[in-house]
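Written below as structure tokens is the structure these notes are about.
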There are 2 protein chains.
Amino acid sequence: MEKQHNLSKNQKIIFDLIDKSPEPLKAYSILFNVQKKGINAPLQVYRALDKLVEIGKIHKIESRNAFIACQNSSCQISKATAFSICESCEKVSEISNTKLSKYLSNFADQAGMKYSKYNLEFFGLCKKCKSK
Amino acid sequence: MEKQHNLSKNQKIIFDLIDKSPEPLKAYSILFNVQKKGINAPLQVYRALDKLVEIGKIHKIESRNAFIACQNSSCQISKATAFSICESCEKVSEISNTKLSKYLSNFADQAGMKYSKYNLEFFGLCKKCKSK
DNA sequence: TTGTAAATGTTATATTATTACATTGTGTTA
DNA sequence: TAACACAATGTAATAATATAACATTTACAA
């Protein structure tokens with residue numbers, strides 16, 4: 001059974017904001033957006049983000065320093081993530097593909113080492129931008 | 001035939017430093033190390049880093065904001081990169097595995113889109129750290 | 001030799017993230 | 001319910017990472 005994480009006040013405010021957003025949000029843009037709700041300092045945002053990442057409710061898009069809500073209910077704990085990123089409009093989508101995740105989880109490097117955690121970011125043009 | 005890139009003075013200084021380093025280097029640590037050679041400002045470092053990344057001589061480890069020399073002579077142009085990162089000692093190795101790169105280059109997402117560029121970072125414990 | 005693109009130099013500033021310390025809330029268990 | 005432990009919060013200061021704007025110089029091809 002899945003561990004239930006009751007989000008705290010700040011965590012909930014920040015998760016809701018990210019979850020509603022159609023695009024990844026940056027920490028200081030989050031800060032700006034939640035100041036009316038009493039969250040005044042960067043650290044309050046970063047602490048909530050850290051926790052939300054830890055429990056898998058959001059992911060960090062490393063190449064963009066931005067955060068999106070997890071779209072894949074089954075990766076709430078896993079840190080095995082894959083995204084596609086449009087280099088033109090910056091649209092980001094989480095990829096959930098069983099074959100891909102199996103392939104990567106089973107991948108063994110030169111020394112035979114396996115890694116259960118990974119982050120994969122694909123870059124290119126999304127359909128919309130490609131057809132322009 | 002491969003395009004020859006003659007590195008400029010600053011590019012060469014910074015590439016040599018990164019290339020000699022056994023571990024990824026951060027921009028401001030590079031800055032500190034090259035000040036005796038007349039590179040005084042962050043922007044001088046970032047400009048050289050940008051160029052070196054662009055021509056494939058170095059790669060950025062996104063999750064660490066650090067840079068390593070390319071270990072794979074065949075990816076001088078390609079932006080398709082994969083690394084293993086030890087979460088204990090922070091050792092980073094570039095993975096060059098034809099099957100993996102083919103698999104990822106041919107991967108098609110939910111919408112059938114393919115992406116020639118990607119960055120993959122695996123996380124775990126290296127052999128040394130595992131056996132401790 | 002002159003035009004152009006790349007690279008450099010310098011100052012200032014923007015953006016992203018953490019340290020340190022004090023306090024408050026929440027849930028467990030004695 | 002009291003006492004404890006741990007998570008979360010609040011606040012100020014600062015560290016670390018990265019870019020903007022502008023002036024100048026270098027490299028090299030037309």
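Computation of the quantities below employed the complete heavy-atom set of this structure, encompassing side-chain atoms and omitting hydrogens, waters and symmetry-equivalent molecules. Residue numbers begin at 1 in each chain, while the letters A, B, ... track the order of the sequences. All figures in this text were calculated on a predicted structure; none of them were measured in a lab.
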Is the shortest side-chain N/O distance from [X] to OP1 or OP2 of [N] below 4.0 Å?
X	N	answer
B:Asn40	C:dG9	no
B:Gln44	C:dG9	yes
A:Lys9	D:dG10	yes
B:Ser8	C:dA6	no
B:Asn10	C:dG9	yes

Query raised in the report: Do NZ/NE/NH1/NH2 and the carboxylate oxygens of A:Lys91 and A:Glu23 come within less than 4.0 Å?
Result: no
Between [N] atom [atom2] and [X] atom [atom1], what is the distance in whole Å?
X	N	atom1	atom2	answer
B:Asn6	D:dA29	CG	C1'	14 Å
B:Ile14	C:dA7	CD1	P	13 Å
A:Leu49	D:dA7	CG	C1'	17 Å
A:Ile55	D:dA7	CD1	P	13 Å
A:Leu7	D:dA8	CG	C1'	12 Å
A:Lys51	C:dT26	NZ	C1'	13 Å

Report task. Indicate the atoms forming the closest heavy-atom contact of A:Ser63 with A:Glu121, along with that distance. Result ->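 For A:Ser63 and A:Glu121, the tightest heavy-atom pair comes out as OG-OE1, 2.7 Å.
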Requested in this report: Considering non-hydrogen atoms only, spot the tightest contact between A:Cys70 and A:Gly56 and give its length.
Outcome: CB-O, 3.3 Å
**Report entry** Residues A:Phe107, B:Phe122; criterion ring pair (Phe, Tyr, Trp, His ring centres under 6.0 Å); working and verdict
**Finding:** CA-CA 10 Å; A:Phe107 178 79; B:Phe122 282 109; 5.5 Å; yes
Query raised in the report: Atom CG in A:Leu25, atom CG in A:Asn65: separation rounded to 0.5 Å?
Result: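 Reported to 0.5 Å precision, the distance equals 13.0 Å.
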Query raised in the report: In Å and rounded to the nearest 0.5 Å, what is the CG to CD distance from B:Leu31 to B:Gln44?
Result: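 One finds 8.5 Å between CG of B:Leu31 and CD of B:Gln44.
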Query raised in the report: Are A:Ile55 and A:Tyr46 grouped together when hydrophobic residues (ILVMFWY) are joined by side-chain heavy atoms under 4.5 angstrom apart?
Result: yes
Report summary line: Given protein heavy atoms under 4.0 Å, the one-letter contact record of nucleotides 16-26 of chain D, with B base, S sugar-phosphate only and - none, is simply -BBBBB-----
